[in-house]
Amino acid sequence: MKSGYNPHEIEKKWQDAWEKQGVYHAADPTIGSPSTSSGNIGEKFYGLIEFPYPSGDGLHVGHPRSYTAIDIMTRKKRMEGKNVLYPIGWDAFGLPTENFAIKNKIKPQDASKKNIANFTRQIKSLGLGFDWSREIDTTDPKYYKWTQWMFLKFYMSWYDAQASCARPIEQLPIPIDVEHTGDAAVTAYRDAHRMAYKAKTTINWCPKDKIGLANEEVVNGCCERCGTAVEKREKAQWMIRITAYAERLIKDLETVDYLEKIKAQQMNWIGKSEGAEVTFKLDVPGQSADAHTVKVFTTRPDTMFGATFLVISPELAKTWLDVGWQASEEVRAYVEAALKRTDIERQSEGKTKTGVDTTVLATNPSNGEKIPVWIGDYVLGNYGTGAIMAVPAQDERDQAFAEVYGLPIIEKENDERIIDWLERDGMGKRATTYRLRDWVFSRQRYWGEPIPIIFCETCGTLPVHESELPVMLPDVEAYEPTDTGESPLAAIESWVNVTCPSCGGEAKRETDTMPNWAGSSWYFLRYCDPHNDEAFASPEKLEYWMPVDLYNGGMEHTTLHLLYSRFWHKFLWDLGHIPKKCGSEPYAKRRSHALILGEGGVKMSKSKGNVVNPDDVVGVYGADVFRMYEMFIGPFDQDAPWDTHGIEGVRRFLDEVNYLFSMMVLNPRSVGTNPFADSLDAKFEILLNKTVKKVTNDIDNMRFNTAVSSMMILINSFDKVSQFTEKTWETILKILAPFAPHITEELWSQLGHVDSIHLAEWPSYDESKLQSATFTMIIQVNGKVRDKIEAASDITDEEATKLAMQSEKVKAALDGKAPNKVVYVPGRLISISV
RNA sequence: GCGCAGGUGGCGGAAUUGGCAUACGCAACGGCCUUAGAAGCCGUCUCCCGCAAGGGAUUGUGGGUUCGACCCCCACCCUGCGCACCA
């Protein structure tokens, strides 16, 4: 260390100073002001990172990669005069904390507090420009009050497919026949249309975590968290009707700036298929012909002439059995066995097809042929209608099934017109299906938001009144998850038993809690107005701050959090809780960081012992070096291995900056430079302008690695500089400030500035000073570089050609032949071919 | 199988989007400084031939377009990620 650069002496000092001066404070619009944009707080910029889950492991070096990147971008926006909102908070509900608490017999509340304190200390040590006055915590009752409030909105709404928007449940039209049947029928009708509804479904049950999982949390038939094979269980679960928004979640991707791969993944996940739903009449043995029908979904109705059998899913077969179908023992046994099998068992069998003949016959509406109906578990119960028409001549899977059971495979002409005929005859219609499933919203755990619902024997299911929110988690010393499928809350009688808000009789609380995804589905809204007790956020503040201008996060959240929060935002927007002006999409732009791997390119993990702790790095090198290294490590959207030596290069760079500054500015005579010169070395001035331009553009395009390298080039060029102005150093410090906020603030103050460099104006560059009067002209002969000569930048074609032809090396390469083509590219090269 | 991203020195990577391939950094090697080490400083560093001057080859492979291709087009190989019996 040649300059005596000691980050530990200055970093804490400036972090305290920034906090005291409120340098990163985001100013709210004045409530009631007619135009928020005309006030003196300026145009807003809302930058967002995914708020962390405060785990017991502490911060991972991956977190700061995202935080620093957006920190750099928001710092630059601030210097460009924007009113920047860059907030931080905690997504603190969740399993790891709960499991840790159970294991150590402590309260999750306490474990969570401790983890948050540790994360806070770590994040603050990095000098990130977060507005800490807006810190939020999803486990704070003041926060989850609103999460529960939003659940009630889901419960009290239905989706109007005609109008394509959610509406209050009171506005649901009740069909006359339902109304005539009585109050119970009306209630049932409403319940069947709510956005949040309870349904008995087969859920994915993790026997280790003792919890029901959403489809999205099951990876290859195993629990995403612990890897245990999931089991199937029947349980009444709260569901949220995200499928109602499938079309809008696809369509509105057109209106936002997301990375292409993020859009592709979202589309893939929603999985839209267009085709037809076709009705087949059935002949069930022992019953009159055509008494029953079955509907199938197909994307290829034109191939219907080649349909030689139908296959229904075991799930659909079960519903037939439940309504009294007299099937054979063989059929019953197959259905029972198929339904018991876990996904992992099914997958381990590969693509081998199994099935059983129902002996039921169906009539192919395209040609009147009688074809057999089979049950097969390659047909999924929860997609389409749960039944397919098999066209073995066209479809590999149908073909495989046909081959196993010796069913006919017949090649027929396809005909596009079939769908029109079916529609005319009422035997089919055009239909669209999605792979997206409704969101299983119940968790049988303690450490989550209680679902604010009460059950009364007399009055049925009742929402907790809004004025009673939040429904607080009971403060208990000990609890365990249960094997019964009930939440641990069910065992806490003093909490469960309540009086019915309607009749005043005995009633019980819903004991399931919400999934981890609930609190993170709307946190970006709360940041706009985090201390509001009257609403989750005021319309004025939402209107000013939303949408989020730039949201960065991991690719692992593309199909879950990103989809859920887009959906949640649209729902609140439909109901008018978010001003229409904000738009129906929460994030205008979504980008994604990649991973930081361990040395050697493998994933960091405790078991491999290759985890780098940010505390250790900051302890040795300081925050500025750590930040800059993470930006220099490689392209932001590409995985990069940590390199313990690599960080030395960045350390040397900041050391050099500090050294040159002290020599040239504070002690100029010692190096023979002149800080009072009124002009710069011409070459240096060009490089400086180029660097400002490059850093400016690179930050905007998230190309931080090349921004850092261009600043290194600038600093390396200082050996040859003798004339510079004080303004030169101001410019250099300013472009470096977003990357290394502490050292630049320190040197800035040494130049005599009282106000923070982070509120100083971002430097501009002079377009006219990006190019010098001469350039090195490359001379190519037949595509090979043969010579390089200095030439005036403004020479003509003819002059360039003349110069080139004078070169001895060119003459040698031409070997006496006359050129047949010469191309001069101004300012770059001349290409001669013979 | 479908979708997405990528393949450049020993390593991380750069290349103004068709114009000097290998910037910047790391590692390595040689030297200076030092009692010694650390730090620091100077130099070499894509590969092959050559003492050198210089020459040749080179961006996964093969072809094409072009005065000129890491970049565009065609075919193929490989790696990573996501989805996956979705009819």
Side-chain angles (χ1 to χ4, degrees), chain A residues 1-3 219-220 259-265 267-269 271-273 275 296-300 303 311 313 346-347 349-353 376-380 382-391 394-398 400-401 433-437 555-556 558-559 594-595 599-601 629 632-635 637-650 652-653 655-656 659 690 693-694 697 703 705-713 715-716 770 776-785 787-788 809 819-834:
Chain A
M1 231 163 282
K2 69 178 180 187
S3 74
V219 177
N220 294 328
L259 284 182
E260 239 0 91
K261 62 174 172 179
I262 296 176
K263 285 190 185 183
Q265 275 194 29
M267 307 257 283
N268 225 318
W269 191 264
K272 181 177 179 171
S273 286
V296 306
F297 175 74
T298 176
T299 53
R300 295 290 307 277
T303 66
V311 188
S313 61
R346 276 177 63 170
Q347 274 161 23
E349 291 161 11
K351 309 261 149 109
T352 321
K353 302 285 183 288
D377 71 357
Y378 81 96
V379 175
L380 305 174
N382 54 3
Y383 179 75
T385 62
I388 61 149
M389 61 173 204
V391 188
Q394 299 271 345
D395 186 285
E396 272 181 40
R397 297 153 303 181
D398 296 344
F401 191 84
T433 59
Y434 302 89
R435 295 153 87 136
L436 186 68
R437 310 283 145 80
M555 282 308 288
E556 70 274 19
T558 300
T559 46
L595 303 176
E599 264 178 286
Y629 175 60
F632 187 58
I633 197 166
D637 57 0
Q638 215 170 287
D639 290 351
W642 186 267
D643 180 357
T644 13
H645 297 294
I647 195 167
E648 285 288 346
V650 175
R652 286 185 192 122
F653 167 71
D655 191 30
E656 188 70 12
Y659 170 77
K690 276 186 172 170
K693 182 179 182 180
K694 178 140 185 71
N697 292 339
R703 289 153 49 138
N705 55 332
T706 52
V708 173
S709 81
S710 73
M711 288 188 280
M712 287 175 168
I713 292 168
I715 293 301
N716 289 347
L770 292 170
T776 307
M777 185 168 75
I778 310 300
I779 308 173
Q780 295 182 346
V781 178
N782 285 338
K784 284 195 196 300
V785 178
D787 203 3
K788 300 175 186 186
K809 289 174 183 168
N820 61 23
K821 185 159 187 179
V822 178
V823 178
Y824 172 60
V825 184
R828 291 192 200 283
L829 54 71
I830 186 160
S831 175
I832 303 165
S833 49
V834 289

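Quick caveat: nothing in here was measured; it's all calculated off a predicted structure. Every chain is numbered from 1 and lettered A, B, ... according to where its sequence line falls, protein lines coming before strand lines.
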**OP:** Specify the separation, in whole Å, of atom CD of Gln265(A) and atom C1' of G80(B).
**Re:** 13 Å
Subject >> Distance below 4.0 Å between Tyr378(A) side-chain N/O and A87(B) OP1 or OP2 >> reply: no
Subject >> Base paired to A84(B) (Watson-Crick or G-U; both N/O distances under 3.5 angstrom) >> reply: none
**OP:** Using atom CG of Asn782(A) as one end and atom C1' of A69(B) as the other, report the distance to the nearest whole Å.
**Re:** 16 Å
Original post:
Would you call G25(B) syn or anti, using the 90° rule around 0?
Top reply: anti
Original post:
In whole Å, what is the span from the CZ atom of Arg300(A) to the P atom of A87(B)?
Top reply: 12 Å
**OP:** Would you give a per-nucleotide map of nucleotides 7-26 of chain B, 5' to 3', where B means the base has a protein non-hydrogen atom under 4.0 Å away, S means only the sugar-phosphate does, and - means neither?
**Re:** -----BSSSBB-BB--BBSS
Original post:
Is the shortest heavy-atom distance from the side chain of Lys694(A) to the side chain of Arg703(A) under 4.5 Å?
Top reply: yes
Subject >> Opposite nucleotide pairing with C20(B), Watson-Crick or G-U, both atom distances under 3.5 Å >> reply: none
**OP:** Any chance you could measure Gln394(A), atom CD, to Thr303(A), atom OG1, to the nearest 0.5 Å?
**Re:** 5.5 Å
Original post:
Is there a donor N/O on one and an acceptor N/O on the other, under 3.5 Å, for the side chain of Lys261(A) and the base of C81(B)?
Top reply: no
**OP:** Determine the Euclidean distance between corresponding C1' atoms of C2(B) and G9(B); express it in Å to zero decimal places.
**Re:** 36 Å
**OP:** Answer yes or no: does atom NZ of Lys690(A) have more than 12 heavy-atom neighbours from other residues, nucleotides or ligands under 6.0 Å?
**Re:** no
Subject >> Integer-rounded Å distance: A5(B) P and Leu595(A) CG >> reply: 18 Å
**OP:** Map Thr433(A) and Ala264(A) onto RNA chain B by nearest heavy atom, then report which one ends up closer to the 5' terminus.
**Re:** Ala264(A)
**OP:** Classify the glycosidic conformation of U17(B) as syn or anti, calling it syn when the angle lies within 90° of 0.
**Re:** syn
Subject >> Separation of the C1' atoms in A21(B) and A15(B), to the nearest angstrom >> reply: 7 Å
Original post:
For Thr299(A), what residues pass the side-chain hydrogen bond (donor to acceptor under 3.5 Å, both in side chains) criterion, not counting sequence neighbours?
Top reply: none
Original post:
Got more than 12 heavy atoms from elsewhere within 6.0 Å of CD, Glu556(A)?
Top reply: yes
**OP:** Give the rounded distance in Å between these two atoms: CD1 of Ile262(A) and C1' of G3(B).
**Re:** 15 Å
**OP:** Quote, to the nearest angstrom, the P distance that separates G10(B) from G19(B).
**Re:** 26 Å
Original post:
Which base sits across from A15(B) as a Watson-Crick or G-U pair, both distances under 3.5 Å?
Top reply: none
Subject >> Counterpart base for G68(B), defined by Watson-Crick or G-U wobble contacts under 3.5 Å >> reply: none
Subject >> Pair assignment for U44(B), Watson-Crick or G-U wobble, requiring both distances under 3.5 Å >> reply: A28(B)
Original post:
Just how far, in rounded Å, is C1' of C83(B) from CG of Leu436(A)?
Top reply: 14 Å
Original post:
Using the P atom in both, what is the distance from U17(B) to C72(B), to the nearest Å?
Top reply: 14 Å
Subject >> Whole-Å distance separating the NZ atom of Lys809(A) from the P atom of G55(B) >> reply: 8 Å
Original post:
With both distances under 3.5 Å as the test, what is the Watson-Crick or G-U wobble partner of A5(B)?
Top reply: U79(B)
**OP:** Using the six-membered ring of Tyr378(A), assess whether NZ or CZ of Lys353(A) lies under 6.0 Å from its centre and within 45 degrees of the ring axis.
**Re:** yes
Original post:
For Gly386(A), does its backbone N or O pair with a side-chain atom of Ser313(A) as donor and acceptor, under 3.5 Å?
Top reply: yes
**OP:** Could you measure between the two C1' atoms, the one in G56(B) and the one in G1(B), and give it in whole Å?
**Re:** 46 Å
Original post:
In whole angstroms, how far is the P atom of G80(B) from the CG atom of Asp637(A)?
Top reply: 19 Å
